[in-house]
Engineer: 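Right, I'll just put the structure down here and ask away after.
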Amino acid sequence: MSREQVKTEINEILQNLPDENLEGVLEYLKAAQKLSTQKLSLVHNFQQILEDDKTLLSKLAQ
């Protein structure tokens, strides 16, 4: 996906996002901007693992 396509998609999402969520998105983007590419990749991978294993983690927590 090109940079312009990503920007366009982000803008579309922001236009439809409730106002109370915008500040959280801004803080996330600021934090992401400070991370190195490697650390950002690790964070993304960790989030993906948590999403993929959400059911399993919930069962383990019980």
Side-chain angles (χ1 to χ4, degrees):
M1 190 179 281
S2 74
R3 181 177 177 88
E4 286 305 314
Q5 288 172 320
V6 171
K7 284 182 172 184
T8 299
E9 197 166 325
I10 289 170
N11 282 325
E12 288 173 5
I13 292 170
L14 289 175
Q15 293 300 318
N16 296 318
L17 200 65
D19 289 344
E20 58 269 10
N21 294 349
L22 288 175
E23 194 169 322
V25 171
L26 177 61
E27 292 303 316
Y28 177 81
L29 291 173
K30 285 181 178 180
Q33 187 177 29
K34 293 177 185 176
L35 293 176
S36 69
T37 304
Q38 183 181 12
K39 286 184 180 179
L40 190 56
S41 179
L42 288 173
V43 169
H44 175 71
N45 291 341
F46 182 66
Q47 287 175 329
Q48 189 65 43
I49 290 168
L50 290 178
E51 287 177 25
D52 291 347
D53 295 336
K54 187 176 186 177
T55 305
L56 175 62
L57 292 171
S58 294
K59 288 179 182 178
L60 289 173
Q62 296 173 357

Engineer: Can you confirm whether more than 12 heavy atoms, excluding those of Glu23, are under 6.0 Å from its CD atom?
Structural biologist: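 Counting neighbours around CD of Glu23, 12 or fewer heavy atoms of other residues, nucleotides or ligands fall under 6.0 Å, so no.
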Engineer: Leu29, Val43: one ILVMFWY side-chain cluster at the under-4.5 Å cut-off?
Structural biologist: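 No; Val43 is not reachable from Leu29 via cluster members.
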Engineer: Hydrophobic cluster membership, with links at side-chain heavy-atom distances under 4.5 Å among I/L/V/M/F/W/Y: are Val6 and Leu14 in one?
Structural biologist: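 Linked within one cluster.
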Engineer: Which residues satisfy the side-chain contact (heavy atoms from CB on, under 4.5 Å) test with Lys59, sequence neighbours excluded?
Structural biologist: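 Lys59 satisfies side-chain contact (heavy atoms from CB on, under 4.5 Å) with Thr55 once adjacent residues are dropped.
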Engineer: Test: side chain to side chain donor-acceptor pair (under 3.5 Å). Region: residues 36-48. Which pairs qualify, not counting sequence neighbours?
Structural biologist: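 The answer is Gln48-Asp52.
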Engineer: Are Leu35 and Tyr28 connected in the hydrophobic side-chain network, where two residues link if heavy atoms are under 4.5 Å apart?
Structural biologist: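 Different clusters.
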Engineer: Do the side chains of Leu26 and Leu17 join up, straight or via other hydrophobic residues, at under 4.5 Å, putting them in one cluster?
Structural biologist: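 Leu26 and Leu17: separate clusters.
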